[in-house]
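Below is one structure, written out as structure tokens; the observations come after it.
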Amino acid sequence: MMERVNYPTLHQLFIFITVVEQRSFSKAADVLYLSQPSVSMQVQKLEDTLRGVSLFEQTGRKFSLTEAGEELYRYARRILNQMDEAMLVIEELQGMDRGRLRIAADTTAGVYVVPAILGEFKRRYPQIKISLQVVNRASVQEQLFSHQADLAVMGHTLETPELTALPLRSNKLVVIADPSHRLAGRKAIPVEELGKETFIVRESGSGTRASTEKIFAQHGVEIQIVMELSNNGAIKQAVAAGIGVAVISLATLELELASSKLITLDVQGFPVERQWYLAHLERKRLSPPSRAFLDLALSMRG
């Protein structure tokens, strides 16, 4: 008779994976809607199931994975990915009668591009559960590759055969300033002239930040960063207050331009044309809700 093995539960593995990917027991607890003691207890039970092996090691206030923890994470992620595939196959048998849709979007697309598509999707498929995570570009890619999101909308994608990225919508980047700025009203401003200005930029990891640095580097201009902010709303407020200028997506400016709270500067080479992309993993089987969203989003391209 085959010896019975005491395997970890999928619930324990899921909690373990969440702790690893959130890099924090407390953040994992928030994501899972559990208390931190509950998360710690499940990880302890997992270690007990593995005959007392330690999965984490503590160094001061920080913790890291042990060698055993790293190995378990790789296998646990593979197991959960396989379960996701199994659930998708079952969902396909049920069609669009039920299911879930998980989307990750960068901070600009998540506020100004995706909601309109989701609104139409929800009207067509009210029974589908929708999750939208709005994070910076680096986190969007991380969620996609770790199978935490089915689809992603972002302004920059990795050039890799593992990823399919379809153009979704034009993303024009413009230079903004307050209406009383010294360059207001000037035509064909040389890019080099902006080397004299102070810039308000997004945080590292942002697609707009990466584009801004690339654009000015191509012209040999080193921008002077006076402030780094994590969202477009804060950047617009800072520019309106006269703190500096910024490069931002035109899609975010409808209200501010209409009310003359902000202006766009006529800088040579601007607007800079970029794209938002709808991306998914090449080898990942798309569920019916994911396929329906992808088809709808592409049909709504203007």
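We're numbering straight along the sequence, starting at 1. What you are looking at is a predicted structure, and each value in this text was computed from that prediction instead of being measured.
Scanning all heavy atoms of the two residues, the minimum distance from Asn171 to Ser249 falls at OD1-OG, 2.7 Å. Ile225 and Arg209 get closest at one heavy-atom pair: CD1-NH2, 3.9 Å. The shortest heavy-atom contact between Ser211 and Arg274 is OG-NE, 3.5 Å. Among all heavy-atom pairs drawn from Ile263 and Ala184, the shortest one is CD1-CB, 3.4 Å.
Under the 3.5 Å distance criterion, the side-chain polar atoms of Lys236 are matched with a main-chain donor or acceptor of Thr252. Between the side chain of Thr212 and the main chain of Thr208, a donor-acceptor pair closer than 3.5 Å is present. Side chain of Arg186 to main chain of Leu183: no donor-acceptor pair is present (N/O by atom type, distance under 3.5 Å, no hydrogens or angles). With Lys122 contributing its side chain and Ile128 its backbone, the two residues share a donor-acceptor pair below 3.5 Å. Arg100 places no side-chain N or O within 3.5 Å of a backbone atom of Ile130 that could act as its donor or acceptor partner. A donor-acceptor pair is defined here as one N or O able to donate and one able to accept, closer than 3.5 Å; such a pair exists between the side chain of Asp150 and the backbone of Arg102.
In terms of hydrophobic clustering, with Ile, Leu, Val, Met, Phe, Trp and Tyr side chains grouped at heavy-atom distances under 4.5 Å, Leu10 and Val39 are assigned to a common cluster. Hydrophobic clustering of Ile, Leu, Val, Met, Phe, Trp and Tyr side chains at less than 4.5 Å, counting indirect connections, unites Leu65 with Ile79.
Remark: Arg23 CZ is loosely packed, at most 12 non-hydrogen atoms of other residues, nucleotides or ligands lying under 6.0 Å away. Within a 6.0 Å radius of CD in Glu192, more than 12 heavy atoms belonging to other residues, nucleotides or ligands are found. Within a 6.0 Å sphere centred on CD of Glu67, heavy atoms belonging to other residues, nucleotides or ligands number 12 at most.
When each of Met227, Gln237, Glu228 is paired with Ile200, the side-chain contact (heavy atoms from CB on, under 4.5 Å) condition holds for Met227 and for no other.
A side-chain donor-acceptor contact under 3.5 Å links Thr108 and Asn232. In this model, no donor atom of one side chain and acceptor atom of the other lie less than 3.5 Å apart for Tyr112 and Glu254. Side-chain contact of Ser290 with Ser287: a donor-acceptor pair under 3.5 Å is present, judged by distance alone. Between the side chains of Gln148 and Glu142, no donor-acceptor pair of N or O atoms lies under 3.5 Å. Side-chain contact, Thr164 with Glu282: a donor N or O sits under 3.5 Å from an acceptor N or O. With no hydrogens or angles considered, a side-chain donor-acceptor pair links Ser170 and Glu273 at under 3.5 Å.
Stacking of Arg78 on the aromatic ring of Tyr75 is recorded, both the 6.0 Å distance cut-off and the 45° axial limit being met.
Side-chain contact between Asp30 and Leu32: absent, with no pair of heavy atoms (C-beta onward) separated by less than 4.5 Å. Within the 4.5 Å cutoff, no side-chain heavy atoms of Arg202 are placed close to those of Ser230. Two residues are said to be in side-chain contact when any heavy atoms from C-beta on lie closer than 4.5 Å; Ile103 and Phe121 fail this criterion.
Using a 30° and 60° split on the angle between ring planes, Phe216 and Phe270 fall in the tilted class, from 30° to 60°.
A salt bridge links Glu197 with Arg182: the closest approach of a Lys/Arg side-chain nitrogen to an acidic carboxylate oxygen falls below 4.0 angstrom. Under the 4.0 Å criterion applied to side-chain N and carboxylate O atoms, Glu120 and Arg124 are assigned as salt-bridge partners.
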Q) How far apart are the C-alpha atoms of Phe63 and Phe25, what are their side-chain angles, what is the distance that settles it, and do they pass the ring-ring contact (aromatic ring centres under 6.0 Å, His included) test? A) CA-CA 10 Å; Phe63 71 86; Phe25 278 78; 5.4 Å; yes

